[in-house]
Amino acid sequence: MNGPPKLGRVLPTPDTADTAVPRPGRGREGAVVAAAFVICLLGGTVRVEDTLTAPPLAAWLLALVCCAVLPARHRHPLAVLAATTGAGVVAQPLGLVLSPPVAAPALVAAYACTLHVPGERRAAGAVALAAVALLAGSEPLSGDHSWRDASRMATVVAAPLVAGLVGHAVRTRRAYLAAVEERARRAEESRELEARRRVAEERVRIARELHDLVAHQITLANAQATVAAHFFDSRPEQTRLSLRELVETTGHALDELRATVGLLRQTGDGDAAAPEGPAPGLARLPDLLESFRRAGLEVAVREEGRARALPPAVDLTAYRIVQEALTNVTKHAAGRGARVGLDWGGGRLTVTVSDDGGAPGGPPALSDRPPGYGLIGMRERAAAVGGELAAGPRPEGGFLVTARLPLPPARDPAAAGDEGRAPGATGTERPDGGIEGTT
């Protein structure tokens, strides 16, 4: 049958029949039973000759028996339907005319049956059997049929079927409303879960940004303070230089912290000033490497292939991975040398950062620091742009971080060549078109 999309059925089962369909209140229940009793009793006043008399004793007994079982129709609908139908069938042997008013309790039971019996076919079959039984009970005992008898038999058969159809319509309506309410409840839960997920993702993003922007400067400041303390007595000039660099580094840290907090305070209504300057990228790689060199870390750069213009997200990710990897070298590596590699071949940018793993040649390294979330943050950044990151110790010693980031499709070769080399890399061009050198 064509119609609106199915919302699912909410039908009572033997375990949930008492709760699937709303129960009427006590006042409403009493009104239904009283009305059925009165109608059944009035039906007993009709005689075969179409005359009216006072209700006989049989009418009183029939009405009392039928209405006495009606309150149980919610818990035992089939049994109540059978009892009320059976009482209607014996109406004529008791001297009563079986008509729809006399069968009123059976009609109430048929309505309740379609509401409470699990399974639509089972309920429909029970109502149909009740209608057939009432039809057989309305057959005139004399065997003579008149048009009045035919019309009365037709109404007796139709009455329980109509009651069953009304019950089915009410049942379907309640199931539809229950399904709509369930969908609304699930949609509300989904919205809450989505909101919580977004809040969690935003918290991770904020933590990652703060880590990448501030931890780098703090690590450099710590390294510079370590250098100053190491040469405090033997090399005063080196100590003063390290302290000046320490002041400059902490100033940069405060500026970046202020800019980051300013971004987080923005509400989207323009009440916060836009950040100054573009987002960090490989164009700022020389400045980044110079800051590590001032902290005592020797950094060499090797580049292969022709550089391309990167999407902002990939550019920022490559920069942050180099920054975090070199920060980890400064904090944890024993040696004071590192190598950065940029490979633009194979349709992706491969960024490698490794340390020499040698013995420290200057002030003590910060290797006694507990591990943080640097590797986790780098993996999350690489995955966010569709790349991947691997990190682990090298067989020859030291530690290697390798990130493979997607590149945009190559444009015209001449245009690609005009884009120049990777920012911050200097050196000579090799025969295969790559560039090799140091910053």
Side-chain angles (χ1 to χ4, degrees), residues 194 197-217 252 255-268 270 272-289 291 301 303-328 340-353 372-391 401-412 415-416 418-425:
E194 179 67 15
R197 184 187 64 81
R198 291 186 179 183
V199 169
E201 290 179 352
E202 186 66 10
R203 291 178 62 184
V204 171
R205 187 189 68 82
I206 292 173
R208 186 166 56 235
E209 288 295 330
L210 288 176
H211 179 276
D212 292 342
L213 291 172
V214 180
H216 161 64
Q217 300 289 353
H252 288 319
D255 292 338
E256 292 192 0
L257 179 60
R258 188 179 300 110
T260 304
V261 173
L263 284 175
L264 299 179
R265 285 178 173 174
Q266 289 185 5
T267 62
E276 297 181 0
L282 292 181
R284 292 175 54 179
L285 189 60
D287 296 335
L288 176 67
L289 300 181
S291 66
V301 178
E303 181 183 5
E304 297 181 359
R306 293 186 179 276
R308 303 185 200 173
L310 296 175
V314 178
D315 198 16
L316 175 62
T317 297
Y319 178 86
R320 292 301 186 200
I321 288 175
V322 174
Q323 181 187 56
E324 179 59 28
L326 292 178
T327 300
N328 288 342
V340 177
L342 300 175
D343 186 352
W344 299 83
R348 60 187 178 182
L349 171 61
T350 303
V351 180
T352 58
V353 180
Y373 298 95
L375 290 178
I376 297 176
M378 286 190 289
R379 287 194 178 96
E380 290 176 348
R381 283 191 176 277
V385 297
E388 57 183 9
L389 184 137
V401 174
T402 303
R404 296 177 178 86
L405 307 177
L407 287 176
R411 296 179 295 177
D412 181 63
D418 292 338
E419 289 176 2
R421 297 166 180 152

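Please read these numbers as outputs of a predicted model, since none were measured by experiment.
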| said: Using the side-chain contact (heavy atoms from CB on, under 4.5 Å) definition, which of the options D315, L282, D343 pairs with L349? | reply: L282
Below 4.5 Å, heavy atoms only, C-beta onward: do [X] and [Y] meet side chain to side chain?
{"X": "R381", "Y": "L316", "value": "yes"}
{"X": "L326", "Y": "V353", "value": "yes"}
{"X": "V401", "Y": "N328", "value": "no"}
{"X": "E388", "Y": "R348", "value": "yes"}
{"X": "T317", "Y": "L310", "value": "no"}

Using every non-hydrogen atom in the two residues, find where [X] and [Y] come nearest and quote the distance to one decimal.
{"X": "L407", "Y": "W344", "answer": "CD1-O, 3.8 Å"}
{"X": "G347", "Y": "R308", "answer": "CA-NH2, 4.5 Å"}
{"X": "V385", "Y": "P406", "answer": "O-CG, 3.2 Å"}

| request: List the steps and the verdict of side-chain contact (heavy atoms from CB on, under 4.5 Å) for M378 and V351. | output: CA-CA 12 Å; M378 286 190 289; V351 180; over 6 Å; no
| task | Drop me the distance from T350's OG1 to L405's CG, to the nearest 0.5 angstrom. | result | 8.0 Å
| message | With rounding to the nearest 0.5 angstrom, report the CD to CG distance, E380 to L375. | response | 11.0 Å
| query | Is the count of non-hydrogen atoms from other residues, nucleotides or ligands lying under 6.0 Å from R198 atom CZ greater than 12? | reply | no
| Residues T402, L389; criterion side-chain contact (heavy atoms from CB on, under 4.5 Å); working and verdict | CA-CA 6 Å; T402 303; L389 184 137; over 6 Å; no
